[in-house]
There are 2 protein chains.
Amino acid sequence: MTSKRERTRERILETALGLFRKRGFDATTMRDIAAAAGMALGAAYYHFRSKEALVMAYYERNQSAHEAAAHARFAQASDVTARLAAAFHSKLDVLSRDRKLLGAVFRSAGDPDDPLSVFGSGTAGLRDRSTAIFAEALAPLGLPSATAEVLARALWLAHLGLLLYFLHDRSRGQARTRRLVDELVGLFAPALTFAGSPGFAPVIARVIGAMDRARPPERPSARAKNKRGSGEGRSGSA
Amino acid sequence: MTSKRERTRERILETALGLFRKRGFDATTMRDIAAAAGMALGAAYYHFRSKEALVMAYYERNQSAHEAAAHARFAQASDVTARLAAAFHSKLDVLSRDRKLLGAVFRSAGDPDDPLSVFGSGTAGLRDRSTAIFAEALAPLGLPSATAEVLARALWLAHLGLLLYFLHDRSRGQARTRRLVDELVGLFAPALTFAGSPGFAPVIARVIGAMDRARPPERPSARAKNKRGSGEGRSGSA
DNA sequence: GTCTATAACATGATAGAC
DNA sequence: GTCTATCATGTTATAGAC
């Protein structure tokens, strides 16, 4: 039994996505969404604290879709080249209708205080799930776990870049992005085969060391939603 | 002799940067800027068509600073490892005070229609200048020009990633970012030495081919400033 | 051409009543 | 949970002073 809360949330999200797809993210206002969902502006904000939160909710849902799609493809793909291509292509498949929304995901990337930043702690769960798919793609290599983890993270990063490319790609059906995936996977996947060989151990160790030292210590998550430094508005809970 | 126009522009930009640095980009309003610069809101907009345009003006200026700083360092650095480190570190030097502004640069990255997007045609000039610095760092290798160009572009891309890391880096003096530069440069620069050797020619050719096919054809620059699909506002020049 | 003063607008977001 | 104000801000517009 879905609660009323959930049903309302769903209705808002569905309505918003429809409008985003049709007009784009910026051209769709929260008032449009609320009106189309048959409720007042405030009600929409009650369920989603910001317009970008709607995109994040969508993205969370899509993560599940990506997992399903990737797993389906993985079942047919045993070698790493095919599995990597499967991981990337299935992501593109899942997002194909929604390039217009995708930009909103990146908008907060450069703001460390934004809870919705792709790199922030607020999205860690989603990030881990996404990274896990790439780890699965690499599974047949049987790499040491530390190596596999580093590679999966690197692939997740590359996948972000790919989405950026995808989003800017005006070729029909984003054919260029599709080809780019094939070319890059074809180029680098064979090299990965060597990543487990003993000769590369020192290199791998060095990369792992560098990435470990580089990884920021998890901060206690500063829940700073207030952009306006002074403008406390009327939120005066003195 | 600087025109009045230029002097006023300078004053606005300087004031804005001061406020951005102190309070951050979002917390600084155009009204604040105009007031602090001792002029009316309209005057600020007369000189800068948008708030982000201020950031871009700043970025343009910083590009020049980076060129100067990098060249100064290049004069002392002959081997590629040192030159690459110089290129990256000088960029960080130039931006060190301004991490709070940097986020604004990335905000529009995911919007293909935004003239200020780092990947868009509106910023092509700045992008080329920035890429050129990395090409200079590689100069001692004497690589074929096609190879050098591909590598320089790749480095420019990596440098964007570095800025993203820099911006999120909360370590004191962004020490982690500094170390990351050293580690990555130390790791990859030696490998670049082989990029010119005949054995790697086929690999390089393949990468160049992939990147050429992937590069989008320069579009005739759709100067779309109008985000709101329908909202023509009052600009009704029927 | 540069700027002031002021009003207006659309939108994202919030507070407080019901 | 939902609605009705109400706000702050980016941005545009207008009319005129120098």
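Throughout, a chain's letter reflects where its sequence line sits, starting with A, and its residues are numbered from 1. The figures here come from the full heavy-atom set of this structure, side chains too, leaving out hydrogens, waters and symmetry mates.
- At a threshold of 4.0 Å, the pair B/D93-B/R178 counts as salt-bridged, since one of the basic side-chain nitrogens sits closer than that to a carboxylate oxygen.
- Taking the charged nitrogens against the carboxylate oxygens, A/E14 and A/R61 do have a contact shorter than 4.0 Å, which makes a salt bridge.
- Closest approach to the B/A43 side chain among C/dT14, C/dC3, D/dT11 is made by C/dC3 (side chain taken as heavy atoms from C-beta onward).
- A 4.5 Å side-chain heavy-atom check between B/R153 and B/E149 finds at least one atom pair inside the cut-off.
- D/dG10 atom P lies 15 Å from atom CG of B/L116, rounded to whole Å.
- Comparing B/L41 and B/K4, the nucleotide of DNA chain C nearest to each residue sits closer to the 5' end for B/K4.
- We find that CZ of A/F48 is positioned 16 Å from C1' of C/dG12, with the value rounded to whole Å.
- Side-chain N/O atoms of B/R129 and B/S64 include a donor and acceptor closer than 3.5 Å.
- Comparing C/dT2, D/dC3, D/dG10 against the side chain of B/K51 picks out D/dG10 as the nearest.
- Below 30°, between 30° and 60°, or above 60°: for B/F119 and B/W156 the angle between ring planes is above 60°, a perpendicular geometry.
- Listed in residue order, the members of residues 5-18 of chain B having a heavy atom less than 4.0 Å from DNA chain C are B/R5, B/T8.
- For B/K51 and B/F25, the positive end sits near the middle of the six-membered ring, less than 6.0 Å away and at most 45° from its axis.
- Sorted by residue number, the members of residues 30-39 of chain B with any non-hydrogen atom under 4.0 Å from DNA chain C read B/R31, B/G38, B/M39.
- In this structure, B/Y45 reaches the D/dT11 phosphate: one of its side-chain N or O atoms is under 4.0 Å from OP1 or OP2.
- The distance between atom CG of B/D26 and atom P of C/dG12, rounded to the nearest whole Å, is 15 Å.
- Going from atom OH of A/Y46 over to atom C1' of D/dT2 covers 9 Å, rounded to whole Å.
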Derivation of the ring-ring contact (aromatic ring centres under 6.0 Å, His included) call for B/F88 and B/F166: CA-CA 11 Å; B/F88 286 122; B/F166 182 57; over 10 Å; no

Side chain to side chain contact (heavy atoms under 4.5 Å, CB included) assessment of A/Y45 paired with A/I12: CA-CA 10 Å; A/Y45 272 106; A/I12 297 171; over 6 Å; no

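- When distances are taken from the side chain of B/S50 to each of D/dT2, D/dT4, D/dT11, the shortest belongs to D/dT11.
- Distance CZ (A/F25) to C1' (C/dG12): 10 Å, rounded to an integer number of Å.
- The side chain of B/T29 approaches D/dT9 more closely than any other nucleotide in the set D/dC3, D/dT9, C/dA5.
- Side-chain atoms of A/I133 and A/F74, non-hydrogen and from C-beta on, do get closer than 4.5 Å to each other.
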